[in-house]
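Comments concern the structure below.
As the structure lists them, so they are numbered: ligands from 1, and atoms in each ligand from 1.
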Amino acid sequence: MKDINLVFPSLAPAESIVITMHQKPDPDAMGSSLALFHFLKNAGFNTIVISPTNWADFLSWMPGMDEVVDYESERSKANLIVEEADWIFCLDFNNMSRTRFMEQCLLQSKAKKVLIDHHREPQVDVFDYGISDISKSSTSEMVYDFIISSGKAELINKEIASSIYAGVMADTGSFRFASTTASVHTMVAHLKGFNIDHAKIHSAVYDNFQENRLRFIGHVLTHRMEILYEHNTALIAIPKSDTQKFHIKTGDTEGLVNYPLSIQGIEMAALLIDRDDERKWSFRSKEHFDCNTFARKYFNGGGHYNASGGRSVESLEENIAQFKKVLKEFSSLQQ
Ligand code: 5GP
Ligand code: MN
């Protein structure tokens with residue numbers, strides 16, 4: 001993987017650029033992609049954003065959202081765009097499998113592939129250029145760095161600043177996590193200079209749900225949360241009947257995994273959701289539980305030290321049993 005700084009000077013005006021991100025994009029994946037999209041467009045390049053799947057309603061306010069192509073619902077159009085691309089920017093994921101049904105067409109594409117990401121253990125062999133830096137708060141911050149290094153900071157506008165702000169805000173837990181470095185605050189001070197409304201952005205992302213979602217959270221915290229005090233761990237396992245009953249849609253379960261961490265003594269929280277074709281895991285920890293290794297080792301996933309995800313085709317019950325078994329094993333390995 002060649003240096004990211006070689007990319008901007010190599011882009012030619014006639015070339016077509018695709019930007020993509022991980023499936024079920026969160027504010028960082030979508031924010032970084034849209035920020036890069038507006039920047040490259042402002043710089044005169046022919047650029048398009050493709051999301052591997054649909055996205056949550058709380059992203060719909062983002063500038064440029066109406067131009068994003070959803071791979072799942074517009075597959076033939078998206079395949080053509082990818083086939084004809086000269087460059088593909090891959091944002092906020094470390095492994096092509098994170099793009100789900102888009103993986104094959106990305107791997108087959110002859111375009112030069114650029115990685116910008118902050119997850120552990122990237123699949124470097126499939127990218128031609130890029131940067132992977134786990135010390136970064138967010139991919140949005142890395143897109144900001146990319147823009148500054150390009151020497152074209154004058155192209156930053158309110159759309160770019162708002163998109164970056166949303167991504168950094170979400171990935172730092174609203175500027176709370178250890179990853180919120182002094183340079184994050186310096187960057188935010190710069191972004192504020194573009195007249196962004198940070199309170200409105202916070203509300204658009206976090207106060208934008210329907211009543212059913214809050215009732216669903218009440219239900220699952222009451223009936224589906226198990227506390228494993230001997231392991232300082234909490235597990236929430238949600239059967240399909242719950243998501244159906246409460247009409248849960250993409251994005252409604254975002255943030256749910258964090259609730260048990262507010263219980264004194266709980267150091268790790270796991271969330272298991274029964275989706276149509278797979279069971280989806282989310283892991284979060286405070287301090288010394290390595291969620292990345294845990295997800296990678298037992299649940300076909302990965303991510304960061306304190307936040308990771310995984311998946312399995314086994315049933316909900318088998319996953320719960322497996323989780324309890326491996327938690328014991330993993331805890332003894334970590335001691
Ligand atoms: P979430 O629990 O929000 O889905 O994901 C938490 C973190 O882990 C995110 O940074 C996400 O990119 C990463 N992650 C989630 N699922 C997977 C997965 O299946 N594989 C890998 N490698 N990372 C994942
Ligand atoms: Mn991210």
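In terms of protein heavy atoms, atom 15 (C) of ligand 1 is closest to Gly309 CA, 3.4 Å. The shortest contact between atom 2 (O) of ligand 1 and any protein heavy atom is with Ser282 OG, 2.6 Å. For atom 23 (N) of ligand 1, the closest non-hydrogen atom of the protein is Gly302 O, 3.0 Å. Of the protein's non-hydrogen atoms, His119 NE2, 2.6 Å is the one closest to atom 10 (O) of ligand 1.
The Mn ion (ligand 2) is the vertex of the angle joining NE2 of His118 and OD2 of Asp28, which measures 100° to the nearest 10°. When OD2 of Asp171 and OD1 of Asp92 are joined through the Mn ion (ligand 2), the resulting angle is 170° to the nearest 10°.
Looking at Glu159 and Asn157, their side chains do bring a donor and an acceptor atom within 3.5 Å of each other. A donor-acceptor pair shorter than 3.5 Å can be found between the side chains of His22 and Asp92. Counted by atom type alone, Thr250 and Lys24 present one or more donor-acceptor pairs between their side chains at under 3.5 Å.
Taking only nitrogen or oxygen atoms, main chain and side chain alike, Arg98 reaches within less than 3.5 Å of ligand 1. The shortest N or O to N or O distance between Arg284 and ligand 1 is below 3.5 Å. Inclusion of Glu254 in the set of residues having an N or O under 3.5 Å from an N or O of ligand 1 is not warranted.
Between Phe289 and Phe330, a ring centre-to-centre spacing shorter than 6.0 Å is recorded.
Between Trp281 and Phe323, the two ring planes are parallel [angle under 30°; tilted spans 30° to 60°]. Ring planes of Phe93 and Phe127: tilted class, angle from 30 to 60°. Ring-plane geometry between Phe39 and Phe146 is classed as perpendicular, the angle between the planes exceeding 60 degrees on a 0 to 90 degree scale with a lower cut at 30.
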* **Asp70 and Trp55: CA distance, side-chain angles, deciding distance, side chain to side chain contact (heavy atoms under 4.5 Å, CB included) verdict** => CA-CA 9 Å; Asp70 172 359; Trp55 48 84; 3.9 Å; yes
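Of all atoms in ligand 1, numbered sequentially from 1 with element shown, those under 4.0 Å from a heavy atom of His304 are 10 (O). For ligand 1, the atoms closer than 4.0 angstrom to any heavy atom of Asn94 are 22 (N). Against a heavy-atom cut-off of under 4.0 Å, Gly301 is close to the following atoms of ligand 1: 18 (C), 19 (O), 20 (N), 21 (C), 22 (N).
The residue among Ser312, Ser308, Ala29, Gly310 with a heavy atom at the shortest distance from atom 7 (C) of ligand 1 is Ser308.
Within the structure, ligand 1 has Lys280 among the residues with a heavy atom less than 4.0 angstrom away.
With contacts defined as side-chain heavy-atom distances shorter than 4.5 Å, the pair Thr53/Tyr71 does not qualify.
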